[in-house]
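Following: one structure in structure tokens, then a few remarks.
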Amino acid sequence: MPDDGRAVAEAAFRADWDALAGIGRDPRSGGYRRFAWTREDATLRAWFTGRAAGLGMEVVTDRGGNLWAWSGDPDAAVADGAAPLVLGSHLDSVPDGGAYDGPLGVVSAFAALELLRARGRAPARPVGIACFADEEGARFGVACAGSRLLTGVLDPDRGRALTDAQGTSVAEAMAAAGVDPAHVGRDEETLRRVGTFVELHVEQGRALIDDDAAVGVASAIWPHGRWRLDLAGRADHAGTTRLADRDDPMLRLATAVATARAAAERHGSLATIGKVDVRPNGVNAIPSHVTAWLDARGDDPDAVRRVVAEVSDAVGTAAAEESWTPSTDFDVPLRDRLAALLGDVPVLPTGAGHDAGILAAAGVRSAMLFVRNPTGVSHSPEEHAEDADCVAGIAALAAVVEELA
């Protein structure tokens with residue numbers, strides 16, 4: 001990057017990164033708990049709105065609760081046949097998640113626009129920055145909920161009725177946050193404004209480490225889904241009930257975990273049981289019921305479903321599908337154009353779901369850029385990206401804006 005741009009990009013990145021650093025951070029784990037429609041989420045959304053206002057951008061909320069900051073008039077551009085370009089990602093996290101998953105894409109988008117302004121390179125058409133709501137699904141269980149509602153993939157009534165562990169519904173949480181849940185649903189007006197969407201994201205694996213590259217371009221997202229296992233048993237006393245007399249659902253949970261791992265290895269897929277609800281959850285009580293959630297994904301959808309079927313058979317209970325996203329290929333001409341633009345950087349698939357994938361599946365021309373993660377670890381406090389690589393990502397995003405807008 002030329003010296004005149006590096007200082008601007010570094011300063012913009014560092015200021016925003018420092019502003020976000022303390023929001024929702026758990027001092028015990030060092031990870032983040034930024035869940036949808038909470039106080040922390042409200043703080044993040046307020047930061048996004050203020051950051052956009054500082055660049056003279058107008059912020060609007062769509063029918064899914066997603067935020068869109070616009071530089072220029074997207075509706076006038078659409079009327080003139082000049083489809084706008086949108087950048088962005090999300091700000092929410094998984095429980096004890098890392099700092100980079102999501103926020104890096106939002107911060108980089110703002111920094112890229114500042115970099116272009118510093119160079120006197122004003123886009124010829126409107127550019128937007130999106131902040132998608134509830135991408136992780138950590139609170140209500142459905143990933144990419146905001147983009148799924150926007151595109152109509154998630155039924156509005158089902159979306160409003162989703163509940164968290166405390167029984168609070170999405171509708172109640174949105175209303176408490178000042179967003180009217182009655183408006184939830186596919187938003188044609190917003191979708192018309194998005195000619196192309198490009199999401200920058202920290203890599204959630206080791207491909208860029210192996211390729212010794214700071215930036216890469218996504219080729220596709222593997223098919224993936226979430227299933228719920230309801231394992232019934234009988235509550236009883238841990239100290240007086242003979243082993244032969246027990247109906248302990250934790251044994252079926254153990255079978256599910258072991259089967260998921262073994263089946264995933266056999267079928268060349270990935271499977272994880274990482275969330276469990278045990279009732280009554282007492283140290284000296286045999287559980288009456290265990291609910292477990294299975295995450296399964298891989299490059300072959302049939303193989304993924306065989307994993308789920310084997311887990312269901314092993315525990316004698318059909319897994320209830322809560323979400324399924326088929327394989328998503330990003331726009332090939334756009335993908336190849338961006339890879340060449342950035343110097344023939346690596347093109348790689350990912351097993352992680354993203355809002356860009358939801359938009360791509362809905363027919364929106366979409367692409368993704370990845371920034372190297374030297375730990376290869378994600379959804380963890382160990383998730384990381386070096387500042388120099390983040391700046392390289394900002395420069396890449398600025399080049400994309402120059403090329404497409």
Side-chain angles (χ1 to χ4, degrees), residues 62 64 66-69 83-93 100-110 112 127-137 142-154 187 190-191 193-205 207-208 215-224 297 323-339 341-342 345-371 373 378-379 393-394 396-397 400-401 403-405:
D62 69 21
N66 308 299
L67 298 175
W68 302 80
L85 169 67
V86 178
L87 315 174
S89 191
H90 63 96
L91 293 174
D92 64 309
S93 77
Y100 292 80
D101 179 356
L104 181 62
V106 177
V107 166
S108 297
F110 283 122
V127 175
I129 299 177
C131 176
F132 286 99
D134 200 6
E135 192 271 353
E136 297 291 4
V142 174
C144 298
S147 54
R148 289 179 190 270
L149 288 169
L150 164 68
T151 58
V153 175
L154 178 58
D187 192 330
T190 296
L191 289 170
R193 293 171 174 165
V194 188
T196 301
F197 178 64
V198 178
E199 179 174 5
L200 179 145
H201 204 279
V202 68
E203 191 197 359
Q204 296 171 288
L208 293 178
V215 177
V217 175
S219 59
I221 296 176
W222 285 354
H224 55 280
R297 55 187 81 197
S323 68
W324 171 254
T325 304
S327 178
T328 304
D329 292 321
F330 289 108
D331 185 271
V332 175
L334 177 61
R335 177 198 74 191
D336 293 345
R337 182 179 177 184
L338 297 188
L341 170 71
L342 301 178
V345 296
V347 177
L348 53 141
T350 178
H354 298 283
D355 294 306
I358 301 299
L359 295 186
V364 177
R365 190 172 76 145
S366 302
M368 288 193 72
L369 306 183
F370 290 127
V371 170
N373 174 350
S378 188
H379 284 186
I394 293 167
L397 206 55
V400 169
V401 176
E403 176 76 7
L404 301 180

So which atom in E203 and which in L348 form the shortest heavy-atom distance, rounded to 0.1 Å? OE2-CD1, 3.7 Å
So do V215 and L200 actually touch side chain to side chain, heavy atoms under 4.5 Å? no
How close do D329 and A220 get, heavy atom to heavy atom, and via which atoms? OD1-CB, 3.2 Å
What is the distance from atom OG of S89 to atom CZ of F197, rounded to the nearest 0.5 Å? 6.5 Å
Kindly compute the distance separating CG (D101) from CD (E136), expressed to the nearest 0.5 Å. 4.5 Å
Heavy-atom pair of closest approach, residues G195 and A83: CA-CB, 3.5 Å
Return the CZ to CG distance between R193 and D187, rounded to the nearest 0.5 Å. 8.0 Å
Can you find a side-chain donor-acceptor pair between D134 and H90 that sits under 3.5 Å? no
Just how far is it from atom CZ of R148 to atom OG1 of T325, taken to the nearest 0.5 Å? 3.5 Å
Without swapping roles, check the side chain of H201 against the backbone of E199 for a donor-acceptor pair under 3.5 Å. no
Specify whether F370 and H354 have parallel, tilted or perpendicular ring planes, treating 30° as the upper limit for parallel and 60° as the lower limit for perpendicular. tilted
Shortest non-hydrogen contact from S219 to P349? OG-N, 3.2 Å
Atom CG in L150, atom SG in C144: separation rounded to 0.5 Å? 11.5 Å
Value for CG (L359) from CZ (F330), rounded to nearest 0.5 Å, stands at 9.0 Å
